[in-house]
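Notes to accompany the following structure.
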2 protein chains.
Amino acid sequence: MSTIYDVAHRAGVSPKTVSRVLNGDGPVGEKTREAVEAAMRELGYVRSNAARMMRAQKSGIIGLITGAISTRNQPSTQQGLPDLYIVQGIQRALESSGMTVMIADTAGRNDRVPHLIDTFLSHRVEGLIYVAEYHQEVNLPQLPDDTPLVLANCYDSRGTPSVVPDDRRLQADLVRRLIASGHRRIAYLSLRPDMAAGRLRPQGYRDALAEAGLPFDPALLVHVDFDQPEIGPQLLWDTIDRMLRLPEPPSVLCCGNDQMAMMVYGILRSMGRRVPDEIGVAGFDNYRAIAETLFPPLTTVELPYNAIGARAGERLMHLISGEGRDDHSPVLVAGPVHWRASVIELRPENVVTFRTLREESK
Amino acid sequence: MSTIYDVAHRAGVSPKTVSRVLNGDGPVGEKTREAVEAAMRELGYVRSNAARMMRAQKSGIIGLITGAISTRNQPSTQQGLPDLYIVQGIQRALESSGMTVMIADTAGRNDRVPHLIDTFLSHRVEGLIYVAEYHQEVNLPQLPDDTPLVLANCYDSRGTPSVVPDDRRLQADLVRRLIASGHRRIAYLSLRPDMAAGRLRPQGYRDALAEAGLPFDPALLVHVDFDQPEIGPQLLWDTIDRMLRLPEPPSVLCCGNDQMAMMVYGILRSMGRRVPDEIGVAGFDNYRAIAETLFPPLTTVELPYNAIGARAGERLMHLISGEGRDDHSPVLVAGPVHWRASVIELRPENVVTFRTLREESK
DNA sequence: CGATGTCATGACACCGATGTCATGACATCG
DNA sequence: CGATGTCATGACATCGGTGTCATGACATCG
């Protein structure tokens, strides 16, 4: 691969002049510039980042650590693929900054993280983002002070800047919407409580009930470890069966995430219950490959992983440029409810009223 | 960030000695080594890749270009997330080589590819892999001769080394298995024929029929653009409806991929047809988040994207090390059929026989 | 005991780009 | 017309490692 010396030689100028053409800084004569550009073209010259970075002491690289790429093979496929969307959002946010994003994958092994961090440091990254697969607490090794770090979809006890989903509020928004549609007996099938989502979402569910003055019925809130290898579906079946036999059965099953909702569809079907006429189903995540393809399409709330990534990217850029509000509190991100055919409006008259009102107000 | 000079100064030795400790090449006295290691630890020294790479003229970086990360937001979610698994396989294959994999994302815009290639070249990558989202022909800009390139999940007309799925054989394997289970009227709902998968898979379907001496009925092979925004589901419904009204309706619906199969589940359900008793459904991809979670679980054939990635990684390493068979033919990758509850065995007696035979042979 | 070999270490150049400073050719101004 | 300023360009040092060669201290051998 050719160097500026090759280019300089061919154009009959000094390397420094080539550098000037490359960077457009110092003044360069018109003819000289053309000669240099021609030489670069002819040689297929591409600037070496290594050399440039050595002088500049800036790598222009942002390091991204994630399990997004290698974790999907796990037996329990759990959530959708949140971390992937987060990575996407980060890329989008950093695109305009001219930074190169370097992605390293944990390959599902958290013990590799320190090694990955070292690799990144050896590339002198200007900042690091750690993306967790699901909302959780993490504990990363300490970084050198001059390398800023942002946590996405996770947080730690050291107050490292982080961006996380507002699970509680999202779930409350969805349940509010169900209540507004006339549903009164709303069941909640929660994820395991050792996950942040399994704690915060039920809280949001209860928030919405309380707001509406509806009683909280413990029989309608169950944690189901639905993605356990063998017995998961059975656990889910039993739970639903029990709920449907209650004196006052629920009119909607709110699921911990969209994948659980997909499984619930199958179970209700083989129980002979029709969705949504006999019983509604709602999800969480707006994992579109599922929510839009299921039949009927799934009502769910969008956890905007893209936005989480974007916010994390922005936050990191702020840290790097130093223009920081040194605000250490986590950034909470929420998203919209997607109302689809898996839940019926128990008060169609209201909808008519609303529509009528809007028509009238035109 | 500290340098070997800092370390050398602190340990009271020359930079060269520090370098020797780092690389373990030249002889170093026991006490000296300890002193240097202590100094490195105290300073939190991390070697600069830029400087090292400059001398060594080797970056130790492999460039990966993919849309895996940013394409998921498309309205039509089409396939699963193949490219992601491919990236995973590549990482696994390259892990042991000590190479750092740098991933760049097209952000869904193919016009960005040349820019990404330039960025990679400026980092002096030792090789490049281009990963396509689905099996297709591509046309990348020419690379400098000294930078090897491997295409994964795609191919070009220049004979660039490539690794692609053996769609034809995979589909044939699945259909063979259906035939072996006693199915005779097998419908095939194909993807659009402008995709490689929409051409090769139907061929495999016909191969298997021909082998078994079964007639090919054009009424049972239809291309359905099922993931079209609005009308997709309707198209699929109409097609299935037409097939089920045939004088001799199919006993299994073979779908172009798992996501189409998921949609077919919903449609059959609302038609009041039970899976698998009244009609079987088979997919393609073994997209586990769907295949294993659907109820009943989906019979499908595994397109081992991981393996495609792994093979691509290996092929690139061969090209880099030069120990090449300069074999320009594409590498075809196949995978196993996963037999699940979405298709019944029409000849249970055979299964009993097999089992009995195995029991007896013990 | 002198010649030769091995070991531990350092001096120095070099990789490719770029910041600093210098230089020569002109243009402008008092 | 000489002083000063601007423009286009080049010489040289430098970034942080590492390859090459040199050097001094010992050990070994004939």
Side-chain angles (χ1 to χ4, degrees), chain A residues 1-37 39-40 43-61 100 118-126 144 146, chain B residues 1-37 39-40 43-61 100 118-126 144 146:
Chain A
M1 181 107 3
S2 46
T3 74
I4 41 168
Y5 296 94
D6 303 326
V7 175
H9 183 73
R10 186 176 191 109
V13 299
S14 79
K16 179 68 217 187
T17 300
V18 178
S19 170
R20 280 193 261 259
V21 172
L22 270 174
N23 299 287
D25 37 9
V28 178
E30 195 52 41
K31 281 188 298 182
T32 314
R33 155 169 291 112
E34 277 162 22
V36 170
E37 279 167 353
M40 292 201 298
L43 292 170
Y45 171 77
V46 180
R47 173 165 54 197
S48 159
N49 237 295
R52 142 179 269 227
M53 161 191 328
M54 249 183 91
R55 280 252 38 167
Q57 298 292 39
K58 283 202 175 183
S59 62
I61 299 177
T100 303
D118 270 3
T119 303
F120 276 146
L121 289 179
S122 81
H123 284 280
R124 297 292 187 270
V125 292
E126 295 186 40
D146 51 359
Chain B
M1 181 103 11
S2 47
T3 74
I4 42 168
Y5 296 92
D6 303 326
V7 175
H9 183 76
R10 188 175 188 111
V13 299
S14 78
K16 180 68 215 190
T17 300
V18 177
S19 170
R20 279 192 262 260
V21 172
L22 271 174
N23 299 288
D25 37 8
V28 178
E30 194 51 42
K31 280 187 300 182
T32 314
R33 154 169 291 113
E34 278 163 22
V36 170
E37 280 168 352
M40 292 201 297
L43 292 171
Y45 170 77
V46 180
R47 172 166 54 197
S48 158
N49 237 293
R52 139 179 274 228
M53 157 191 333
M54 253 183 88
R55 275 248 47 162
Q57 298 292 43
K58 284 203 174 184
S59 62
I61 300 178
T100 303
D118 270 3
T119 303
F120 276 146
L121 289 179
S122 80
H123 283 281
R124 298 292 187 269
V125 293
E126 296 186 38
D146 52 359

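In what follows, every chain begins at residue 1, and chains take the letters A, B, ... in the order their sequences are listed.
- For B/Arg124, there are no side-chain hydrogen bond (donor to acceptor under 3.5 Å, both in side chains) partners at least two apart in sequence or on another chain.
- Listed by first and then second residue, the salt bridge (Lys or Arg N to Asp or Glu O under 4.0 Å) pairs that reach into residues 19-31 of chain A come to none, sequence neighbours excluded.
- In this structure, NE2 in B/His123 is found 6.0 Å from CE in A/Met53, a value given to the nearest 0.5 Å.
- Here the straight-line distance linking atom CD of B/Glu126 with atom CD of B/Gln57 works out to 10.5 Å at 0.5 Å rounding.
- Remark: DNA chain D forms stems of 3 or more consecutive Watson-Crick or G-U wobble pairs, all pair distances under 3.5 Å, at C:1-30 with D:1-30.
- The distance from the CG atom of B/Asp6 to the CE atom of B/Met1 is 11.0 Å, given to the nearest 0.5 Å.
- B/Val21 and B/Arg33 make their closest contact through CG2-CA, 4.2 Å (heavy atoms, listed as atom of the first residue, atom of the second, distance).
- What separates CG of A/Asp6 from P of C/dG16 is a distance of 8 Å, to the nearest Å.
- Residues forming a side-chain hydrogen bond (donor to acceptor under 3.5 Å, both in side chains) with B/Ser122 (at least two apart in sequence, or on another chain): A/Asn49.
- If you take CG of B/Leu121 and P of C/dG16, they are 16 Å apart, rounded to a whole angstrom.
- In terms of position along DNA chain C, the nucleotide closest to B/Arg33 lies nearer the 5' end than the nucleotide closest to the other residue of the pair B/Arg33 and A/Met1.
- In terms of position on DNA chain D, the residue among B/Thr3 and A/Gly12 whose nearest nucleotide sits closer to the 5' end is A/Gly12.
- Note that the first and last nucleotides of DNA chain D, 5' to 3', having any atom under 4.0 angstrom from a heavy atom of chain B are D/dG16 to D/dT20.
- The heavy-atom pair separating B/Thr3 from B/Tyr45 by the smallest distance is C-CE1, 3.6 Å.
- Of the residues in residues 18-29 of chain B, those placing a heavy atom less than 4.0 Å from an atom of DNA chain D are B/Ser19, B/Asn23, B/Asp25, in numerical order.
- A straight line from CZ of B/Arg55 to C1' of C/dC12 spans 11 Å, rounded to a whole angstrom.
- Separation of atoms CG (B/Leu22) and CD (B/Glu37) is listed at 9.5 Å; rounding is to 0.5 Å.
- Between A/Arg52 atom CZ and C/dG16 atom C1' the separation is 12 Å, expressed in whole Å.
- Separation of atoms OG (A/Ser2) and NE2 (A/His9) is listed at 13.0 Å; rounding is to 0.5 Å.
- Taking CG from A/Leu43 and CD1 from A/Ile4, the interatomic distance works out to 12.5 Å, rounded to the nearest 0.5 Å.
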